[in-house]
Number of protein chains: 2
Amino acid sequence: MPRLDDVARAAGVSKATASRALSGADGVSPTTREKVQRTAADLGFRASGAARRLATGVTRTIGVLTPSVDRWYFGSVLHGIAHAADRHEHDVLLYDLGAFGRGGHEKFERFMLRGEVDGLVTITWSLVGGDLTRLAELGVPVATVGEPTPHSRSFSLDDDAAGEQAAEHLVRLGHTDLLHLASETEVQPFDASSSDRRKRAFELVSARHGLRMRPVQTVPTTLEAAHAAARGILARADRPTGIVAGTDEVALGVLLAAHQLGVRVPEELSVIGVDDVPAATAFGLTTIRQDPAQHGEDVVAWIISALGEPESEPDRSHTNYAPVLVVRGSTAPPP
Amino acid sequence: MPRLDDVARAAGVSKATASRALSGADGVSPTTREKVQRTAADLGFRASGAARRLATGVTRTIGVLTPSVDRWYFGSVLHGIAHAADRHEHDVLLYDLGAFGRGGHEKFERFMLRGEVDGLVTITWSLVGGDLTRLAELGVPVATVGEPTPHSRSFSLDDDAAGEQAAEHLVRLGHTDLLHLASETEVQPFDASSSDRRKRAFELVSARHGLRMRPVQTVPTTLEAAHAAARGILARADRPTGIVAGTDEVALGVLLAAHQLGVRVPEELSVIGVDDVPAATAFGLTTIRQDPAQHGEDVVAWIISALGEPESEPDRSHTNYAPVLVVRGSTAPPP
DNA sequence: ACTTGCAATGGAACCGGTTCCGGTTCCGCA
DNA sequence: TGCGGAACCGGAACCGGTTCCATTGCAAGT
């Protein structure tokens with residue numbers, strides 16, 4: 001493995017000049033630079049990342065903290081992050097907190113504060129507020145995607161609007177008896193969680209249009225749990241004419257239960273979700289679309305730009321993505 | 001940020017001793033070690049990863065090359081990898097080739113050969129054989145999960161057995177007219193792909209039991225595509241009495257199509273898949289289970305052990321995980 | 001012709017650990 | 001008491017880049 005020194009010697013210049021020539025710094029004549037670059041290429045030179053980061057303190061790596069990686073939303077965000085990171089020539093270091101089990105905090109200590117990354121994105125409630133501010137004080141740009149936080153720059157779907165659009169869609173179709181099946185968030189986040197926001201929005205719409213007031217039900221975010229809950233709801237004689245699900249996964253569970261109980265969708269029951277997961281297309285599920293991969297792209301873009309201007313005012317603004325209604329076959333006027 | 005030097009001075013020893021005391025190397029008296037460790041803790045010392053890897057050449061990082069991260073199989077493997085890596089105190093560097101778009105090779109060059117990782121796991125057809133051998137020559141332990149390869153240590157489901165079990169299950173129930181709906185792999189892998197193996201196993205079983213020979217159909221691995229194909233198949237009068245799907249995702253598409261066409265499962269049609277995705281439970285899909293997270297755990301364990309004994313014979317063996325049949329409600333004797 | 005000024009370059013320090021190598025200290029044993 | 005050897009420790013080199021600072025060379029300005 002050739003070292004910078006070898007390149008320099010072969011090109012007849014000093015290490016200093018070779019370094020400048022290769023890193024693109026100025027203060028090198030075009031001819032010298034060209035010569036150094038060619039020699040480096042010929043020798044198959046590849047700068048040692050370790051040496052560079054020791055010297056500069058820059059890792060060209062961004063860390064991602066995620067509650068888990070095998071769920072659609074998280075996976076999609078991660079995909080967007082990887083894509084953007086690649087474009088900006090950064091590596092991504094993955095911390096799957098779900099994989100850490102108990103003691104995520106300790107890991108946070110051990111790994112994150114070691115200066116291995118120069119930017120960090122946390123997906124939803126991966127970290128508590130204290131950690132976030134601590135990190136920010138450390139000078140590492142931190143951003144959150146999936147839920148608004150007061151402690152860091154954040155990116156997420158406008159959950160209020162999403163909840164409202166979902167409910168309003170059914171109201172416009174003529175429904176007056178709706179039920180909201182919220183999907184549970186595992187951990188209490190800083191602010192009102194996505195789930196809570198969607199729920200509140202639903203209640204607002206309910207009140208505004210004088211709908212029948214049914215208590216909101218909450219289920220874990222799994223097809224299984226949603227399915228079980230939906231069976232209970234749909235089996236009753238006074239079931240609602242429409243269900244606003246907090247998530248597509250929950251909505252799919254409802255669809256499944258409806259099918260098994262012989263409740264026809266959308267003739268007898270309307271169902272709407274939030275997310276627009278791939279399966280939603282095949283199932284003809286009407287839903288509120290969000291694009292997590294885009295969130296991932298944007299959060300990286302922000303981090304890169306924040307890296308470019310250190311010492312600036314901490315940016316704690318929040319980007320609210322507009323939800324878009326996608327009408328498919330699972331919603332119709334009530335019977 | 002305190003440096004090792006600070007710790008050494010505070011503890012009244014040399015850098016060398018401090019280093020030994022903290023890294024657990026021997027040649028340090030218990031009392032000295034204890035003193036150094038305490039001062040380090042008091043000062044909040046945290047060794048610089050960059051400096052350590054420059055000095056030792058060890059990164060304590062393993063790289064993961066995956067075709068994409070937002071599919072169940074890949075996500076689950078990644079989860080297992082993250083879990084195991086954490087237990088072994090290693091970081092994981094993620095390369096989402098799907099995010100790289102064209103030019104994955106170039107990225108491979110730029111990133112992988114830079115010595116940023118001391119072990120690499122590739123998920124299925126992330127890399128071509130040439131790259132794998134090149135990597136292995138570099139002295140980095142490389143392992144593949146998801147498909148057997150002749151060029152590296154590999155871990156995967158025993159696809160032959162999986163395909164056989166699926167078909168045999170239906171044969172045992174009395175079916176004689178089956179169709180195999182294979183799920184397509186995007187790229188030509190080294191050896192016969194999982195898809196091909198499952199298909200071959202199906203054909204073997206067909207021949208053995210003298211089943212009606214229907215040409216195998218292949219669809220992209222998406223619910224959408226499987227759904228469309230299944231509609232075509234099930235609409236015909238001479239539809240088979242059972243469908244062996246290459247994947248749960250495909251099987252789910254079949255289930256959906258059957259439902260829409262009014263074909264009752266399992267009374268009129270049996271469906272079996274492979275994977276046992278979470279949704280399979282709710283849908284009552286009979287399937288062949290595999291546990292990708294376990295594959296991820298194992299591949300990391302192997303890499304760690306390979307790291308422990310350099311210069312040993314290259315291990316290119318293959319671990320075949322035994323598939324397990326999970327019977328749910330989507331299979332029954334033919335009408 | 002003689003500064004003045006700037007671009008190009010090289011020498012050497014530095015980033016923060018690890019480790020080789022040689023020097024003490026201290027013990028057991030003759 | 002003297003000696004060998006092991007355990008413990010410190011000095012210094014080293015990993016491979018980046019960057020500060022001083023030096024050189026050359027063109028422009030007066």
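Just so it is clear: chains get the letters A, B, ... in the order the sequence lines come, proteins before strands, and each one is counted from 1. Any value given below was found using the heavy atoms of this structure, including those in side chains, with hydrogens, waters and symmetry copies removed.
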| said: Under a 3.5 Å distance rule, please check whether Thr39(A) uses its side chain to pair with a backbone N or O of Gln37(A) as donor and acceptor. | reply: no

| message | Tell me if a side-chain donor or acceptor on Asp91(A) pairs with a main-chain N or O of Thr61(A) at a distance below 3.5 Å. | response | no

| message | Whether the Ser156(A) and His318(A) side chains hold a donor-acceptor pair (N or O, under 3.5 Å, no angle test) is what I'd like checked. | response | yes

| Angle by which the axis turns from one end of the helix from dA1(C)-dT30(D) to dA30(C)-dT1(D) to the other, five pairs per end, to 10 degrees | 40°

Quickly work out the [X] [atom1] to [N] [atom2] distance and round it to whole Å.
| X | N | atom1 | atom2 | result |
| --- | --- | --- | --- | --- |
| Arg60(A) | dG17(D) | CZ | P | 16 Å |
| Arg53(A) | dT18(D) | CZ | P | 13 Å |
| Asp26(A) | dA7(C) | CG | C1' | 10 Å |
| Lys15(A) | dG16(D) | NZ | C1' | 6 Å |
| Arg33(A) | dA7(C) | CZ | C1' | 13 Å |
| Leu54(A) | dT19(D) | CG | C1' | 13 Å |
| Arg52(B) | dC15(C) | CZ | P | 19 Å |
| Leu4(B) | dC14(D) | CG | P | 19 Å |

Does [X] have a side-chain nitrogen or oxygen under 4.0 Å from the phosphate oxygens OP1 or OP2 of [N]?
| X | N | answer |
| --- | --- | --- |
| Ser14(B) | dG10(D) | yes |
| Arg3(B) | dG17(C) | no |
| Ser29(B) | dC9(D) | yes |
| Thr17(B) | dG10(D) | yes |

| task | Please lay out, stage by stage, how Ser29(B) and Thr31(B) fare under the test side-chain hydrogen bond (donor to acceptor under 3.5 Å, both in side chains). | result | CA-CA 5 Å; Ser29(B) 74; Thr31(B) 55; 3.2 Å; yes

| message | Under the criterion side-chain hydrogen bond (donor to acceptor under 3.5 Å, both in side chains), I'd like the reasoning laid out for Asp70(B) against Ser76(A): C-alpha separation, chi angles, the key distance, then a yes or no. | response | CA-CA 6 Å; Asp70(B) 47 10; Ser76(A) 301; 4.6 Å; no

| query | Can we say Arg153(B) and Asp315(B) salt-bridge, meaning some charged N sits less than 4.0 Å from an Asp/Glu carboxylate O? | reply |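 Salt bridge: yes.
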
| query | Closest nucleotide of DNA chain D for Asp5(A) versus for Thr32(B): which of these residues is on the 5' side? | reply | Thr32(B)

| query | Under 4.0 angstrom, heavy atoms only, what part of the nucleic acid is Thr56(B) near: base, sugar-phosphate, or nothing? | reply | sugar-phosphate

| task | Could you check whether Arg20(B) gets within reach of a base, just the sugar-phosphate, or nothing at all, counting any heavy atom under 4.0 Å? | result | base

| Along DNA chain C (nearest heavy atom to each residue), the more 5'-positioned of Ala16(B) and Ala51(B) |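 Whichever sits nearer the 5' end wins; that is Ala51(B).
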
Among the candidates [options], find the nucleotide nearest to the side-chain atoms of [X].
| X | options | answer |
| --- | --- | --- |
| Ser19(B) | dC21(D), dG17(D), dT19(C) | dT19(C) |
| Ala47(B) | dG17(C), dA8(C), dG17(D) | dG17(C) |
| Ser48(B) | dG17(D), dG16(C), dT9(C) | dG16(C) |

| field | Tyr321(A) and His295(A) aromatic ring geometry - parallel, tilted or perpendicular at 30°/60° bounds | value |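 Ring orientation, 0 to 90° scale: parallel.
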
| message | My understanding is that only one of Val300(B), Val299(B), Val64(B) makes a side chain to side chain contact (heavy atoms under 4.5 Å, CB included) with Val145(B); could you say which? | response |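 Exactly one pass, corresponding to Val299(B).
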
